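Below: the structure, in structure tokens.
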Amino acid sequence: MSEFYSDKDVQREVTELQGKSATAARLFDIRRIIGGLFVVYGVIVTIAGFTASDADLDKAEGVNINLWTGLGMLALGVFFLVWLKLRPVAPVPPDAVPGDEPTE
């Protein structure tokens, strides 16, 4: 037995798939992944910098390298997350066909 779909059913299915695709694109945006990882590792390295011993500071010639690296990683991670918030992924127009880019 074969099933027939009406145009309304097909259009509804296409709309649902486009919504899921846009959600997946936002969720797996590389800026979110990079920003999140840099923030997490930045927090860990910054904590290591706050708990550095005198021996650790002597190895680095008096510079608390963990603290400065951790703060730099935090700044970079926050930059990526703010960039994601200010410039989100634009949804693909529903009538766009892949490979049909305009030429100049």
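None of the values given here were measured: they were computed from a predicted structure.
Linking ILVMFWY side-chain heavy atoms closer than 4.5 Å, directly or via other members, places L81 and V43 in a single hydrophobic cluster. Cluster annotation: F79 is connected to I34 through the hydrophobic network of ILVMFWY side chains, with a link wherever side-chain heavy atoms come within less than 4.5 Å. Linking ILVMFWY residues whenever their side-chain heavy atoms come closer than 4.5 Å, directly or via other members, places L37 and L76 in the same cluster. A single hydrophobic cluster is seen to contain both W83 and V40, as judged by linkage of ILVMFWY side chains at heavy-atom distances under 4.5 Å, directly or through other members. Hydrophobic clustering (ILVMFWY, side-chain heavy atoms < 4.5 Å, transitive): I65 and M73 are in distinct clusters.
Nearest heavy atoms, V45 versus G70: CG1-N, 3.6 Å.
Around CG of D58, the count of heavy atoms belonging to other residues, nucleotides or ligands within 6.0 Å exceeds 12.
In this structure, N66 CG and L57 CG are separated by 9.0 Å, a value rounded to the nearest 0.5 Å. Note that the CD1 atom of I30 and the CG atom of L84 stand 11.5 Å from one another [nearest 0.5 Å]. Annotation: the span from L67 atom CG to D56 atom CG amounts to 12.5 Å, rounded to 0.5 Å. If you take CD1 on I33 and CZ on F38, they are separated by 13.0 Å, rounding to the nearest 0.5 Å.
Side-chain contact check for V39 versus L74: some heavy-atom pair is nearer than 4.5 Å.
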